[in-house]
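What follows is a short report on a single structure.
In what follows, chains are A, B, ... by sequence order, proteins preceding strands, each numbered from 1.
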Amino acid sequence: MIEVANLEKHYTVNEKEPGIAGSLRSFFSRKTKTVKAVDGVSFKIAAGEMVGFLGANGAGKTTTLKMLAGLLHPTAGTAKVAGFTPFERRSSFLKTITLVMGQKQQLLWDLPASDSFLVNQAIYEIPDLEYRATMKEFTELLDLDGILKKQVRKLSLGERMKCELAAALLHRPKVLFLDEPTIGLDVNMQVRIREFVAAYNQRFNATVILTSHYMADVTALCKRIIVVDKGHIIFDGDLSALIERSSPAKIVKLELSKVIPREILESYAPVKSLDGLFAELLVPRLETSKIAGRLLSELPVADVTIEDPDIEEIIGQLFQSQTVKS
Amino acid sequence: MKPEARIELGLLENMWRKSRTMFALWFAHMTVYRAEIFIWMLSGVVPLIMMSVWIGKASANGGTLEKFDAASFAAYFLAAWVSQQLTVAWVAWEMNFQIRQGELSSRLLRPIDPLWEHVFRHFTERFVRGPFILVFVIAGTFVVPGTKLTPDVWHVLEFLLVIHLAFLIRFLMQCCVGTLSFWFENATAFDEFLYVLQTFLAGGFAPLEFYPPAIRAVVEWTPFPYMVYYPAKILTGTLTPSETWRVMLITLAWVLAFGILRSILWRFGIKKYGAVGA
């Protein structure tokens, strides 16, 4: 569904030293610098796949999405989305995709969202029957009842985001580019949006590329992730494979019924933390069940949980090392 | 019905549906800003001020000046003011904002040229502005006794046609300026420059009859008199039928010229779009 080969986007930016002297120098001779926002990115995504696109701010995630959505003209390389070259922005291509930007809105501020929906219905040439069916479905999934007739500016951030999503998906696109769709939303609303995206993916076999700083979005929706850093892909593969590769240990959390000295705990596995009756041990992945069994039988354990390390920590380590290759 | 005819009919139906929906949306949007539109109208009173100046000059000259008496000055400047009001465009400012702030992105994602949104914004705004214009015109005709905007309904029909074309000149000219935002940090400076030229050359300060012949000859080669002066002359019924035809054809030529220029600028400019912040 999506094929990207050696995609590049370079920007020329002006540079100016601070202060009056810098302004004067810049007035007579402007310094420019080329920034390689995306620098040779290649990947393929199959129809119906949901992929998390991760990276720090300025890593090139959004620029890549914008190129795939046809907003930006690539400096070099090729991209095909549903068989179309995005930048040609053909009408049939635009009816196949959508790009939702959590920090931007397409709804008209002064009018109810339902007015913007009607315009989208006309522009995307959605038949009345299909429009009504889609609206009914979205109203149920996103709980839109009662907010469609309110002025957009009077909606809460969460309500607005739900309407934005509905407006962006009204034409039932096959490819979804979601750029921080849950930014600024409370936990409940984040869950609701995630559930909606998952349901949409299931219902329409839609291909989804998702960027988010909330790792919970990615872990809940995406099996595969692509990690970009400074315009390059530094990891492309299964999220679980990344976790296994980057962190060969699992975290065994113990709640003890009496205080145990650190040395004793260390004899089982390295201790990540120890605070009174609560301890966290880094247990090698392959020995988890064996060591957990020993801990339960040999120590006064009131409760035990086994977890994977925090995905955000793993991604952070990945940015620092930049050595992991899929 | 033949399949080709059915497709044609479908296309027409879709066009009609889009137009109807966009009209309804932007009309609703513009009515929200009716007070602001009225205030904005007040900023375009130069022809009305110039009307009193020129009537004063005519009175000092014994009642007439170059075949213009008080009533004909009043008619001309009222018509010039109406023409100016009906050709107002702000698309350069909007495009400049959308391109610089990345607001253009959501428009580019839709399967419709973003130009149409601007067209409907301007078109529907005229329906909010219209009643205010009517009130001003009726009041204006009472201020100077004997003032008649037009003696003939045909002039009104000709005016309606020409004023639409005149609007398109100004609108497309501004689109070209707005498109320059793809290359410049802020393209509204060009719009300010055009505004100054238009103020002096379109006929809002004085009928072109009062310009020195050499300057008038140059002005005639610009699009500006076709936005205010000639529409005003048509509305006041002071152009011959052959002159009216000539004006219509030249106005249409300017529309085509700016339309083509806008297409070229857009085609190249869009490749420079940075979609900043969006």
- Any side-chain heavy atom of Asp115(A) within less than 4.5 Å of one from Trp26(B)?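 Sidechains of Trp26(B) and Asp115(A): no contact.
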- Can you find a heavy atom in the side chain of Val119(A) that is under 4.5 Å from one in the side chain of Lys18(B)? no
May I ask you to check whether over 12 heavy atoms, not counting those of [X], lie within 6.0 Å of atom [atom1]?
X: Phe268(B); atom1: CZ; result: no
X: Trp40(B); atom1: CH2; result: yes
X: Trp16(B); atom1: CH2; result: no
X: Leu129(A); atom1: CG; result: no
X: Phe23(B); atom1: CZ; result: yes

- Message: Checking an interface table here. Which of residues 86-97 of chain A come within a heavy-atom distance under 4.5 Å of chain B?
- Response: Phe87(A), Arg89(A), Ser91(A), Leu94(A), Lys95(A), Ile97(A)
- Does anything in residues 29-38 of chain B get under 4.5 Å of chain A by heavy atoms, and if so which residues? His29(B), Val32(B), Tyr33(B)
- Task: Take Gln106(A) and Arg107(B) through the side chain to side chain donor-acceptor pair (under 3.5 Å) test and state the conclusion after the steps.
- Result: CA-CA 8 Å; Gln106(A) 62 154 309; Arg107(B) 276 90 179 169; over 6 Å; no
- What part of Glu117(B) is in contact with chain A, defined as an atom under 4.5 angstrom from a non-hydrogen atom: side chain, backbone, both or neither?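 When you check distances to chain A, no heavy atom of Glu117(B) falls under 4.5 Å.
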- Query: Of the backbone (N, CA, C, O) and the side chain (C-beta and beyond), which part of Ile270(B) lies under 4.5 Å from a heavy atom of chain A, both, or neither?
  - Reply: both
- Task: Report the C-alpha separation of Leu118(A) and Leu25(B) in whole Å, then their side-chain angles, then the decisive distance to 0.1 Å, and conclude whether the side chain to side chain contact (heavy atoms under 4.5 Å, CB included) test is met.
- Result: CA-CA 9 Å; Leu118(A) 284 174; Leu25(B) 178 92; over 6 Å; no
- Query: Is it true that Glu125(A) and Arg17(B) make a salt bridge, defined as a side-chain N closer than 4.0 Å to a carboxylate O?
  - Reply: no
- Query: Side chain, backbone, both or neither: which part of Ile123(A) has a non-hydrogen atom closer than 4.5 Å to chain B?
  - Reply: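 Its backbone and side chain both get close to chain B.
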- Task: Kindly compute the distance separating OG (Ser105(B)) from CG (Leu99(A)), expressed to the nearest 0.5 Å.
- Result: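 Nearest 0.5 Å value for the OG-CG distance: 7.5 Å.
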- Task: Kindly determine whether Tyr124(A) and Arg110(B) satisfy side chain to side chain contact (heavy atoms under 4.5 Å, CB included), including the steps that lead there.
- Result: CA-CA 8 Å; Tyr124(A) 286 98; Arg110(B) 292 172 166 182; 4.0 Å; yes
